[in-house]
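The structure appears right after this line, and notes come after that.
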Protein chains: 2
Amino acid sequence: MAAARRSPRLKDVAEAAGVHISTASRALNERTAALLNPQTLERVRETADGLGYRVNGMARALKTRRSLSIGMVVPDITNPFFPPTVRGAEDVLDRAGYSLLLSSTDNDLGKARRQVAAMLESQVDGLLLAMALRDDPLVNELRSGNAPLVLVNRTIDRGGVSAVVPDDFHGALEAAEHLYSLGHRRLAFVGGPLATSNGARRRASFDQTVARLGLKEVAALEAVAFDEDAGYATAQDLLTRHPRVTGVVAGNDLLAIGIIAAAAERGIACPQDISVVGFNDMLLAGRLQPPLTTIRIPQYDVGARAAELLMSLVDDPDRNPETVLISGELVIRGSTAAPRAAD
Amino acid sequence: MAAARRSPRLKDVAEAAGVHISTASRALNERTAALLNPQTLERVRETADGLGYRVNGMARALKTRRSLSIGMVVPDITNPFFPPTVRGAEDVLDRAGYSLLLSSTDNDLGKARRQVAAMLESQVDGLLLAMALRDDPLVNELRSGNAPLVLVNRTIDRGGVSAVVPDDFHGALEAAEHLYSLGHRRLAFVGGPLATSNGARRRASFDQTVARLGLKEVAALEAVAFDEDAGYATAQDLLTRHPRVTGVVAGNDLLAIGIIAAAAERGIACPQDISVVGFNDMLLAGRLQPPLTTIRIPQYDVGARAAELLMSLVDDPDRNPETVLISGELVIRGSTAAPRAAD
DNA sequence: AGCGTCGATGCAAACGGTTGCCGGCAGACA
DNA sequence: TGTCTGCCGGCAACCGTTTGCATCGACGCT
């Protein structure tokens, strides 16, 4: 039983093929292979295959200063918004020959800082951050650093850094107008934390839209997080203080679910008694009870575009920051309906 | 405007602190710090902080042969089963100081092979594979390699490699018995690919259970994948060939959703006309229409245990392979009910 | 005073590649 | 046959750390 010997190094390949180590290096490198005599090339490649040679990426990275890996940090991969986004990023990175280092921060700054530090230590060639606050200390530290950076899904208020985010403004506008056009006049907004760009922007858009429509009875609340529990808790508050509300636009789908649950618990049925529109159109949103009317954001594309942007930043670090808005569209399903006639 | 200079190296810190580079190295390393004079130690650490020094992980890894990263490959991070599993792994790895390299293979062997090769090149210290077939060429290649390996969620038939998988057998048994105890006598099984351990094991368990219960009218079909579309397609087939079936155990929750959709399309309502039990209890399973009765597998734990196992394998590569079964429990919700009285 | 001990630090050789530069050799040409 | 031209491939430095070993000064002891 041959003990699992240490894997062969370039030197071993070179010796076996009877060439100098530098020649072996060139043979195994797409870009430099052309410099070699075709026969030598072939010979080296064959012996490399025979030996099961595999380049040591760390050694290569050390020399070339390119790790071919990028780091992505999300609040929580378990939140249904992120898997498609991660997948989009993964796919374009993969095509570009890069690997993805992933981590979840739970919106904990300390944790995020540690994880990003670890990624930087492992010499990632760039960073995809999906956890930014509007005024984010970590992002501020990083923007002056030398790793290319692109923000995903959320951005910061002061620009100067590349980002790929949904068109929050237009989305929330469509949501509110949809409710209005169904006949709702007493609307509420239950959004995510105002400290995030999409919390704030969707809120601003809602406010502006209801003002434009001339609605008087409106309420706007801020949930502590973009999740079901926060939606539930905030809706309790809403329904107590504004029991006459008939339509609510939620900061995202998870909030919408929590809102619907809180309403149901009080005997307020969706969509009969209250209409709710979500945001994102996460996976399975159409299979829920009730199927969610929502603003569909192409989550995969968000990740993919962000990765593309990052790749171009890696190639040209002096490229100007750019923020791309991914637009969404209203998807009408079962969680919205006209208000009761009596209303 | 100071151009972003290259980040400081250990040498820079050493010079700034007036010590030799090796002393600086020892100062910055927990394990060797005790060797130094406390004052020197302090001085070095302060100058390192001042310079914003950050160790170059690649150089360190090259020397120490430990990258402190592990690779995880899943079929598709977009499949709701995986995010919690990935998260579980991530959390324990993070605590152990490791980073996670993630990739999705779409059950494509070539792609998986390339991705694993990339991970191995980047010198991961271990591999978490969640895409194994019962007889998997890639796993076979890898088991003889020198990277510790643990299979997640699915395992191979011939043992010899560590794995953390759900207790498929017990789960499917409980599902079938639940339907039986509700009064169903004409059961069907719509499972995932038999080439996977959980496809095959759940199927075997179903077969054995219905035999034990003495049921005659049973059917068992194999879907081409563990997803909604496959469930839908397979259910079409099932409902055509076995229209009298009243209860079906599905290979997982996504298949269950597809089955319910196919039934609904034919006017067969769940749970009134047909009962369906899923597997996994994925996120939001309880919020679907109808809320899914399912076998709950603690997906987070699967990933966490797998990561723990891998860590112990990294520490002691000669440790014996071990497979741990994570047990599930039946969660009764709205997709199952007694068959119609007339039945 | 000489010597052994010991704590603190310096020295230099790796780790496994990449790459600018240079030299050698073959073929062409006169 | 001597020189020039190119193509191939060797040489060696370097990427940034870690670490076994050597060194060195101080100190205690006889």
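Protein chains get the first letters and strands the later ones, always in sequence-line order, with residue 1 at the start of each. Quick caveat: nothing in here was measured; it's all calculated off a predicted structure.
Counting heavy atoms from C-beta outward, A:Phe81 and A:Val74 have side chains that stay 4.5 Å or more apart. In this structure, B:Ser104 and B:Gln115 have side chains that are not in contact, with every pair of non-hydrogen atoms separated by 4.5 Å or more. In this structure, the side chains of A:Met311 and A:Pro148 stay at 4.5 Å or more apart for every pair of heavy atoms. A:Val165 is not listed as a side-chain neighbour of A:Arg154, based on a closest heavy-atom distance of 4.5 Å or more.
For the pair B:Arg31 and D:dT19, the criterion of a side-chain N or O lying under 4.0 Å from OP1 or OP2 is met.
Side chain of A:Thr155 to backbone of A:Ala163: no donor-acceptor contact under 3.5 angstrom is found. In this structure, the side chain of B:Asn56 does not engage the main chain of B:Arg9 through any donor-acceptor pair within 3.5 Å.
A salt bridge is defined here as a Lys NZ or Arg NE, NH1 or NH2 lying under 4.0 Å from an Asp or Glu carboxylate O, and B:Arg114 with B:Asp108 fails to meet this definition.
Rounded to a whole Å, the NZ atom of A:Lys11 is 15 Å from the P atom of D:dG10. Summarising the geometry, the separation between CZ on A:Arg26 and P on D:dC7 is reported as 15 Å, rounded to the nearest angstrom. A straight line from CD1 of A:Ile21 to C1' of D:dC11 spans 11 Å, rounded to a whole angstrom. Distance CD (A:Glu121) to P (D:dT17): 10 Å, rounded to an integer number of Å. Distance, B:Arg9 CZ to D:dC15 C1': 9 Å, rounded to whole Å. Per the geometry, NZ belonging to A:Lys63 stands 15 Å off C1' belonging to D:dT17, to the nearest Å.
Nearest-nucleotide mapping onto DNA chain C: of B:Ala24 and B:Arg65, the residue sitting toward the 5' end is B:Ala24. Each of B:Thr23 and B:Met58 has a nearest nucleotide on DNA chain D; the 5'-most of these lies closest to B:Met58.
Contact record, B:Arg26 with B:Leu35: CD-CD1, 3.9 Å, taken as the closest heavy-atom pair.
Mapping heavy-atom proximity under 4.0 Å, the span of DNA chain C touched by chain B runs 5' to 3' from C:dA8 to C:dG16.
Within the 4.0 angstrom heavy-atom criterion, only backbone atoms of the sugar-phosphate kind lie near A:Thr64; the bases stay farther away.
The stretch residues 43-61 of chain B participates, sequence neighbours left out, in these salt bridge (charged side-chain N to carboxylate O under 4.0 Å, His left out) pairs: B:Glu30-B:Arg45.
Proximity of residues 34-54 of chain B to DNA chain D (heavy atom under 4.0 angstrom from any strand atom) is restricted to B:Tyr53, B:Arg54.
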